[in-house]
S.K.: 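Below: one structure in structure tokens.
Every chain is numbered from 1 and lettered A, B, ... according to where its sequence line falls, protein lines coming before strand lines.
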Amino acid sequence: MNLDFTLEYQEFRAEVRDFLETHKDSAPRMSDRGVRSEKRRAWQKILLEHGYAARTLPKEYGGHGAAPDALKSRIIAEEFSRAKMPGGISGQGINMLVPTLLELGTEEQKQKYIEPTLTGEMVWCQGYSEPGAGSDLAALRTSAVLEGDHFVVNGQKIWTSTAAQADMIFCLVRTEPDAPKHQGISYLLFSMDTPGIEVRPLMTMTGQAEFNEVFFTDVRVPADQIVGQRGEGWMVANATLTHERGMLGDPDAALSRLNSIAEIMQKETVDGAPLMDNAVFRDRLIALQAEVFAMKFNGMRLTTSATQKKSGGMAGMIVKLQGCELNHRLAELAIDVMGEYGILFEDSPFIRDHGMWQTAYMFDLGLIIGGGSAQIQKNIISERGLEMPREPKVAKK
Amino acid sequence: MNLDFTLEYQEFRAEVRDFLETHKDSAPRMSDRGVRSEKRRAWQKILLEHGYAARTLPKEYGGHGAAPDALKSRIIAEEFSRAKMPGGISGQGINMLVPTLLELGTEEQKQKYIEPTLTGEMVWCQGYSEPGAGSDLAALRTSAVLEGDHFVVNGQKIWTSTAAQADMIFCLVRTEPDAPKHQGISYLLFSMDTPGIEVRPLMTMTGQAEFNEVFFTDVRVPADQIVGQRGEGWMVANATLTHERGMLGDPDAALSRLNSIAEIMQKETVDGAPLMDNAVFRDRLIALQAEVFAMKFNGMRLTTSATQKKSGGMAGMIVKLQGCELNHRLAELAIDVMGEYGILFEDSPFIRDHGMWQTAYMFDLGLIIGGGSAQIQKNIISERGLEMPREPKVAKK
Amino acid sequence: MYFGLSEDQIMLQDSVRRFLEAQSELEHVRVYAEGDDALAGQLQNGLMELGVPLVFIPEAQGGLGMGVLEAALIQEMLGRFVAPSAFTPAYGMAVAGLNVGTNADQRNVWLGRIVGGDVVMGVGVTEAVGAREGAGLTLSAGAVSGRASFVMGAETATHFLLAAGDALVIIDRAADGVTETALTTIDKTRKTIMLDLENVTCDVLEGSAQPAVETMINVGRVLLAADSFGAAEMMLQKAVAYAKDREQFNRPIASFQAVKHMCADMAARLEPCRSLLWYAAYAQDNVPEEGPLMACMAKSHISEVGKFIARTATEVHGGMGFTDLMGLHYWFKRIGFNRQLLGGPEKTRHDAAVLQGFSN
Amino acid sequence: MYFGLSEDQIMLQDSVRRFLEAQSELEHVRVYAEGDDALAGQLQNGLMELGVPLVFIPEAQGGLGMGVLEAALIQEMLGRFVAPSAFTPAYGMAVAGLNVGTNADQRNVWLGRIVGGDVVMGVGVTEAVGAREGAGLTLSAGAVSGRASFVMGAETATHFLLAAGDALVIIDRAADGVTETALTTIDKTRKTIMLDLENVTCDVLEGSAQPAVETMINVGRVLLAADSFGAAEMMLQKAVAYAKDREQFNRPIASFQAVKHMCADMAARLEPCRSLLWYAAYAQDNVPEEGPLMACMAKSHISEVGKFIARTATEVHGGMGFTDLMGLHYWFKRIGFNRQLLGGPEKTRHDAAVLQGFSN
């Protein structure tokens, strides 16, 4: 146990701070961070140059080429968070497709797609889930039939974020309908401008359309736009799902949420007394604080594991389940302490913290139940972490 | 909604109170309520005479022969509880075997067993569960092989309460080993004095042996000591399990536990301040109070359903699951408010309420996980109450 | 002793249920929520025809003279179908306040106008539950000034019945000096506003305002609990139906033990709430010494169980529960809204402790 | 930055684990619990040979000079194997108190005697956490009187280190005026007593007692948390092993989704506790400004998670978990005992609030 940073890392941190200080006026404002924002791309360019985005990706494909260093990555995340500065672009293209191409793409695919994705010129969306294939993703039914040198794609995807703004999609389709379900899937890349694609926004309980439905009608995709071989798509996609874990963001986000609640409780009053004087709410705050600390230290432990190139084991497996739940419960407390003010929404007058709490309360619930739901996370923990047996196969009737 | 009692019931209540006042010196004291206590049997005789035990059972078998009246039953339970007087004997013989015999026994069996069971002369234990057959009770393996005019019983039972004091056992055995598991079981009655029976006390986490293990080695049971036909034992046992629901006891037991906790909190102090001044504990107390009230009113609703000869439906199905859980959580709060004193146990100096809280905390957990565990209760609620499908059969490997 | 509903009560509730089943299906709810008042007005008229606004008004003033239990049974249905109705403030709380807090003349006048339909009350008693920074009304020379926050029933109110310190006053919504600020809340099926008043002429109710305000809060708490109970019951029903319908891994998800147990937990926690609600409502009229305590018990406990069910039923629906497609969020938000108004669970439990002498 | 154990720390913990695996299997635990002190003494001697009592004593006084983290790693193992050891009071809290709360001479004398083995301390600081009716010690003319409740470490103590108002005193267990009352607690693997003192001669520690008592409580809280963590980890492990082994309906119960999810919930809640425990222990020596807060955090949170696991692991075992046959209750009760001593979760959370200026 040694929480001090060596001189090398202290210097690195100073370097990051210098960078942030020097470039603070170049960062796009909150309103200017859309996937198509020019300011965002200019900022991304600066980050790429200095190695604060695509840090460990090979130089030949537009990355910074640095050796992986979990501690430096953490320092970058911490300092950007502390300075309230936006980090690099973090869409599904960069976080999921790029690592997949690096691992399984052809040289031509790497050359063609990685660099424009890193710079933000090429925006991707992901076509995995379908209305009938959620937790049972491999049951997907969107079909791709080879006709000459094109696949013809028909079907429907759901939960596709940024579909309306995306240039390209990486998409799972069923190419071998007669094979066992995990062996009949292929992984295609194609332009969202291809004729036959319709995108419909998918409104959620937060009142915003964070996702879309995407419909394919006779969409023609050149046959070489495939990653891996025909029928290997499930394996390719699983490589990508593994990379999804990297998308953790601000390690101390929960702590800063907690501190915001403490601030509300100290500042606001009922019948003249600060909310913090309410012992019951205070007890809940402290109970959550202990959980926040536990997750923070768990994260530090994972960083150390990563610097040692060791698996995080159970400490890593539980992060998503516990993290989402904790954020949801923080929002729940914030709403409860605010009493009637807790039900204000969107841009209502008198709203606190720009309405983030109700939105977070619902969105985090969506994360708990959405893609890779809590139920699935628990299966993973019990099967991979605790080595408990899988559900037995159901007998045919 | 009408919570007043009609004159008939007011008079009945007055009658019960009169009875209790008149006979208060006849009731056995706490230390004198064992299944073999003479005082207990004398008390049972008085109760039988006045119709406060075996109230609705036919006179010809020693019952009181009254028409079933759920409201009168409730009034009896309430008044006995209020007077802190013990009710009638309530072992598994009276509560489970007697209703089963009335429904499925031969006339000879009814004549022979019911009356002595009601008077407390004949004490029964139940031989159902086995180490390998808990929630999957029908998987039981204790065998009974017909040799001439006797069954020869071999095997082991567990969770057998009062086995050491019992005269007789009603016991499930496998008589047709080749039949499907539910169809190979028979229901036998035999004396605990039969050679080849060994009873071993089963100590639990409370530090007491509330249960026993019972071992059978070549135990010879006359072939006519069977209830129902060979292979019908599962059906006979299920009739009995249905009767188990009747064993509810004091309808306001949870409320009186809650009130005891409130008393502790008002009486005892930390650093000079009553425990009740602790807002966090107080909040927990009131939250539990709301649940206690909800269960109390749920019980009143069930009494009304019963007086109308209607099924309680979901209100009835949830009683065991919610009731055990609530009692467990009441004990949990009592322990927490007592701080260090909460860990005192058994006959320790300084112990509160004769040590009932830790014992209840553990014993109620035993009820939650024991015979008809919470998991099984939830299956029943979802399958019978919500009409959700049963678990599908597992495929053979 | 009979712990249950009478045949009349069952019939009343069924008639409201049948009406709302037809009038308040999801597509209508979406229209209300998007601010189309025409359809909501149509629903109001239908409820009016059923006599719903009159149930809780005494016969002497031209109402049907029923009690809080009947009002709760109606509100349960309104919650069940997330209907856009100001029944709780306009025909529950306001009527309860006027029954207690005024002299016979004022009572006859105001209840008569409510029965006649030319007056619909909104209510503002939030500050009597707990005043947030700066809020509160003061009365001076027959005029009222200050802020009333989270005033309920703004969708239909022509007048407002407001707690002003130790008094209870009625103002005309159109009076001089009234500034309204519309609030956007999570629940788009009901409308809540802030009122800033500057020397607004008012009718000060004679008689003791304190018990009247308390009665309004008690009745309001019971009715919000009824609304959440109805909404939670519907969410459970929807979750079970969805689970039977939705297949994953070649079997309905209702056959997975984890899903079954989630539904069983919901049912086990919800069912006793029904009896608690009935008793709490019944006690308001029939066991007055227990009325305030039982209002706290029902409000706090059903809020907690409601929240559990709102979340768990959404979880059973998986991603679909999170989208707008199934509209499940209308019920989720309705339960969330009820939880916070007139005192959240911690506040109502605190009140319950005070009522029993457990706290100051 | 390195957030994890050093190789030495891992080796230390492993050596204690291996020793206890052999010495503290269930059959031994039963024997200790039934009051057979011989076997417990044998275990003490073994720990002594491993140097366990010395780890936390400074090198200057002949100890190994390790920190609270090492002590916590040892205590975790003692909890894991529900070992009958007074390590927490005798070699954790008492040593921490002597390190802070006295002058160099007294420190040398008492720590020296502890190292030498002729003194073993019990500790009584319950009243400094919260005094129940009538309890508390007063000091007068070098003699101490009153009641110290829930004094820890009675199994091996020759002396007691006691908080007496603003002072910290040591008494000889055999001194005149000492009346002991043995307490029966749920945890039969550790011994706790009441001490009633009447003018008992004592050694009053010079220096400031307040910080010393606080340090004792902080270290005690971390070590009780470590004990519960170790016990909870073992209960989870036993639940998973039992579920894989036990068959119902022709399949191991570990293949039922409900059982799997219970185990996953346990693991998900327990794993972050490990990091919290490490940091809380580490902070006592290395981040003193966070030490008291982190002791509260670890004690309260691990107590809550421990209770959840005690119950859930028992539930996974079904009826077997409730019997004495599997002995699971020794772990259950150990966690229950730790929860209540030196401040339950509500008390430690309150202390955490005070430390952060959130409450008085």
S.K.: With a 4.5 angstrom heavy-atom cut-off, which part of B/D277 approaches chain C: side chain, backbone, both or neither?
M.R.: neither
S.K.: If I measure from the heavy atoms of chain C, does B/F5 come under 4.5 Å with its side chain, its backbone, both, or neither?
M.R.: both
S.K.: Is the shortest distance from a Lys or Arg side-chain nitrogen in C/E247 or C/R251 to a carboxylate oxygen in the other one below 4.0 Å?
M.R.: no
S.K.: Among C/Q9, C/Q237, C/M294, which residue has the highest count of heavy-atom pairs closer than 4.5 Å to chain B?
M.R.: C/M294
S.K.: Just give me the residue among C/M262, C/E271, C/H350, C/M266 that pairs up with chain B most often, heavy atom to heavy atom, under 4.5 Å.
M.R.: C/E271
S.K.: What part of C/I302 is in contact with chain B, defined as an atom under 4.5 angstrom from a non-hydrogen atom: side chain, backbone, both or neither?
M.R.: neither
S.K.: Of the backbone (N, CA, C, O) and the side chain (C-beta and beyond), which part of C/A243 lies under 4.5 Å from a heavy atom of chain B, both, or neither?
M.R.: side chain
S.K.: Of the backbone (N, CA, C, O) and the side chain (C-beta and beyond), which part of C/V259 lies under 4.5 Å from a heavy atom of chain B, both, or neither?
M.R.: both
S.K.: Please tell me whether C/Y279 and B/F293 form a close aromatic pair, meaning their ring centres lie under 6.0 Å apart.
M.R.: no
S.K.: Need one label for B/R301: side chain, backbone, both or neither, based on atoms under 4.5 Å from any heavy atom in chain C.
M.R.: both
S.K.: Quickly, which of B/R329, B/R284, B/K296 forms a salt bridge (charged side-chain N to carboxylate O under 4.0 Å, His left out) with B/E291? Name it, please.
M.R.: B/R329
S.K.: Could you tell me whether C/D351 and C/K347 have a side-chain N and a carboxylate O separated by less than 4.0 Å?
M.R.: yes
S.K.: Name the member of B/T6, B/L71, B/I286, B/I381 that forms the most heavy-atom pairs with chain C at distances under 4.5 Å.
M.R.: B/I286
S.K.: Between chain C and each of B/L3, B/T303, B/D4, B/L321, count heavy-atom pairs under 4.5 Å; write down the option with the most.
M.R.: B/L3
S.K.: Tell me, for C/R269 versus chain B, whether the close heavy atoms (under 4.5 Å) come from the side chain, the backbone, both or neither.
M.R.: both
S.K.: Give me the ring orientation class for C/Y91 and C/F87: parallel if the planes are under 30° apart, tilted from 30 to 60°, perpendicular past 60°.
M.R.: tilted
S.K.: Between C/E304, C/K260, C/Q356, C/E346, which residue shows the highest count of heavy-atom pairs closer than 4.5 Å to chain B?
M.R.: C/K260
S.K.: Are any of the side-chain nitrogens in B/D18 or B/R13 under 4.0 Å away from the carboxylate oxygens of its partner?
M.R.: no
S.K.: Going through the distances and angles, do C/Y2 and B/Q308 end up as a side chain to side chain contact (heavy atoms under 4.5 Å, CB included)?
M.R.: CA-CA 10 Å; C/Y2 179 88; B/Q308 302 192 298; 3.3 Å; yes
S.K.: Using non-hydrogen atoms only, which part of B/A279 is less than 4.5 Å away from chain C: side chain, backbone, both, or neither?
M.R.: neither
S.K.: Quick check with a 6.0 Å cut-off and a 45 degree axis cone: is C/R311 positioned over the face of C/F332's six-membered ring?
M.R.: no
S.K.: Give, as side chain, backbone, both or neither, the part of C/N286 having an atom under 4.5 angstrom from any heavy atom of chain B.
M.R.: neither
S.K.: With a 4.5 angstrom heavy-atom cut-off, is it the side chain or the backbone of C/F358 that approaches chain B, or both, or neither?
M.R.: both
S.K.: Do B/D353 and B/I264 have side chains that approach each other closer than 4.5 Å (heavy atoms only, starting at C-beta)?
M.R.: yes
S.K.: Considering only NZ, NE, NH1 and NH2 on the basic side and carboxylate oxygens on the acidic side, decide whether B/R74 and B/E78 come within less than 4.0 Å.
M.R.: yes
